[in-house]
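In what follows, a structure is listed as structure tokens, so that the remarks can point back to it.
Values in this document were obtained by computation on a predicted structure and should not be read as measured data.
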Amino acid sequence: MKLLLDFGNTRVKAAVSDGSGLREIYSGPVDSDALANAVAAFHIEGGMWCSVRPVPDDIVRWLDSMDVLALDWKTPVPLKNAYRTPCTLGMDRLAAAVGAWSLKPGHDLLVIDAGTAITFDFVTSDGTYIGGNIAPGVEMRLKSLHEHTGALPLVDRTGPVPRFGYDTDTAIRSGVTVGISNEIQGYVSCLEAEYPSVLVFLTGGDAETFDFKCKNGNFAVPNLVLTGLDCISRFNEIG
């Protein structure tokens, strides 16, 4: 079994793969004991991990002991990376792009990862990762409105989301949620004008929050980063 881990800003997701599909085995805090317990039932033979923040040394040593390798900007991937500063590219973004490509090769792809931050990444049909954009996510926007104003409250993200708010709470919640939905739709519409056959992948913890239309359909893949890590791990074994 391969072990795949995606260390995000607020939690880590782990899965195992035998080459025929992923099996998620953990999603929660970065806790060495919890991770070890989740993995204990499996015979691990390599794998890959990526992180958007430093990972505790004891966990890195544990992963090294099982030959579970860190994805970095020098790791060969099955895409041409056109990012001008590949050493600064978030490896979760690259892994998600590879994951989308592994599922729909030969297509123009917009990959949207809606988590603590929202990332928009684009892959062309010839397998070139062009790059992408980073924007604040839902919680970050809610907190920012509260912390950078004198009177606006910190609003819970759950609750009514009317088109136009009818009180301060719904005005903030709708402003954030509807605003992000329109932001996503804007990216989709602009790309469809230039790349009529573009496909859209949506992943991340907040993926289900947003509603948008894509004429070619969109694909919700909860573990797209892990899918990409599995693909990259096996690509390097073959290579």
Side-chain angles (χ1 to χ4, degrees), residues 1-73 75 77-78 89-103 111-119 121 134 136-140 143 156-158 201-210 219-237:
M1 285 284 191
K2 301 293 183 185
L3 176 62
L4 302 317
L5 301 100
D6 172 19
F7 292 89
N9 283 296
T10 58
R11 61 177 180 164
V12 57
K13 296 178 72 174
V16 292
S17 170
D18 61 3
S20 62
L22 295 179
R23 175 180 173 183
E24 185 175 326
I25 59 172
Y26 182 79
S27 179
V30 180
D31 180 278
S32 56
D33 291 336
L35 283 169
N37 288 336
V39 173
F42 303 95
H43 177 61
I44 303 300
E45 294 182 313
M48 188 159 282
W49 62 272
C50 69
S51 181
V52 300
R53 61 192 307 166
V55 176
D57 289 342
D58 62 326
I59 294 180
V60 174
R61 288 193 296 270
W62 173 66
L63 294 171
D64 285 345
S65 72
M66 297 182 290
D67 293 323
V68 180
L69 307 177
L71 173 63
D72 65 32
W73 68 277
T75 306
V77 300
L89 174 62
M91 291 296 99
D92 59 323
R93 294 170 58 194
L94 183 59
V98 171
W101 179 260
S102 73
L103 297 173
V111 182
I112 304 169
D113 192 337
T116 302
I118 302 174
T119 57
D121 292 286
I134 305 171
V138 174
E139 293 290 349
M140 198 179 299
K143 289 178 181 178
D156 192 309
R157 61 179 300 156
T158 60
F201 279 82
L202 186 62
T203 192
D206 289 337
E208 296 181 355
T209 303
F210 308 113
F219 304 87
V221 183
N223 291 321
L224 194 58
V225 173
L226 296 175
T227 298
L229 291 173
D230 189 28
C231 179
I232 296 168
S233 176
R234 297 182 188 281
F235 177 78
N236 279 270
E237 281 190 344

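- Qualifying side-chain contact (heavy atoms from CB on, under 4.5 Å) partners for Ser32, counting only residues two or more places apart in sequence or in other chains: Asp58, Ile59.
- Residues Lys2 and Arg234 have side chains in contact (heavy-atom distance under 4.5 Å, counting atoms from C-beta outward).
- A search for side-chain contact (heavy atoms from CB on, under 4.5 Å) contacts involving Pro78 returns Val98, Cys231, Ile232, Phe235, not counting sequence neighbours.
- Trp49 is listed as a side-chain neighbour of Leu63, based on a closest heavy-atom distance under 4.5 Å.
- For the salt bridge (charged side-chain N to carboxylate O under 4.0 Å, His left out) test, no residue two or more places apart in sequence or in another chain qualifies with Asp92.
- Residues meeting the side chain to side chain donor-acceptor pair (under 3.5 Å) test with Asp6, sequence neighbours left out: none.
- Of all non-hydrogen atoms in Leu94 and Val77, the two that sit nearest each other are CD2-CG1, 4.1 Å.
- How far CD of Glu45 is from CD of Glu237: 9.0 Å, rounded to the nearest 0.5 Å.
- Listed here is the closest heavy atom pair of Ile112 and Ile118: CG2-CG2, 4.1 Å.
- Listed by chain and number, the residues in a salt bridge (charged side-chain N to carboxylate O under 4.0 Å, His left out) with Asp121 are Arg93 (sequence neighbours excluded).
- Asp57 pairs by the side chain to side chain donor-acceptor pair (under 3.5 Å) definition with nothing, not counting sequence neighbours.
- Of the possible donor and acceptor atoms, one in the side chain of Thr227 sits under 3.5 Å from a partner among the backbone N and O of Asn223.
- Of the inter-residue distances, the one linking Asn9 atom CG with Thr116 atom OG1 reads 4.5 Å to the nearest 0.5 angstrom.
- Evaluation of the salt bridge (charged side-chain N to carboxylate O under 4.0 Å, His left out) rule for Arg157 yields Glu139, Asp206 as partners, not counting sequence neighbours.
- Asn37 contributes a side-chain N or O that, together with a main-chain N or O of Asp33, makes up a donor-acceptor pair within less than 3.5 Å.
- With values rounded to the nearest 0.5 angstrom, Leu226 atom CG is found 12.0 Å from Ser233 atom OG.
- Nearest heavy atom pair, residue Val225 against residue Ala96, reads CG2-CB, 3.9 Å.
- A distance of 7.5 Å separates CD1 in Ile25 from CG in Leu5, rounded to the nearest 0.5 Å.
- Listed by first and then second residue, the side-chain hydrogen bond (donor to acceptor under 3.5 Å, both in side chains) pairs involving residues 59-72 are Asp72-Thr75 (not counting sequence neighbours).
- Pairs passing the ring-ring contact (aromatic ring centres under 6.0 Å, His included) check and including a residue from residues 21-43, sequence neighbours excluded, do not occur.
- In this structure, the side chain of Lys13 does not engage the main chain of Phe7 through any donor-acceptor pair within 3.5 Å.
- Listed by chain and residue number, Leu109, Val111, Phe201, Leu224 satisfy the side-chain contact (heavy atoms from CB on, under 4.5 Å) test with Ala100 (two or more places apart in sequence, or in another chain).
- Scanning all heavy atoms of the two residues, the minimum distance from Val12 to Pro29 falls at CG1-O, 3.6 Å.
- Considering all non-hydrogen atoms of both residues, Gly204 and Asp113 come closest at CA-OD1, 3.3 Å.
- Residues satisfying the side chain to side chain donor-acceptor pair (under 3.5 Å) criterion with Arg11, sequence neighbours excluded, are Ser27.
- Across all non-hydrogen atoms, the minimal contact from Met48 to Val68 is N-CG1, 3.5 Å.
- Partners of Trp101 according to the ring-ring contact (aromatic ring centres under 6.0 Å, His included) rule, which considers only residues two or more places apart in sequence or in another chain, do not exist here.
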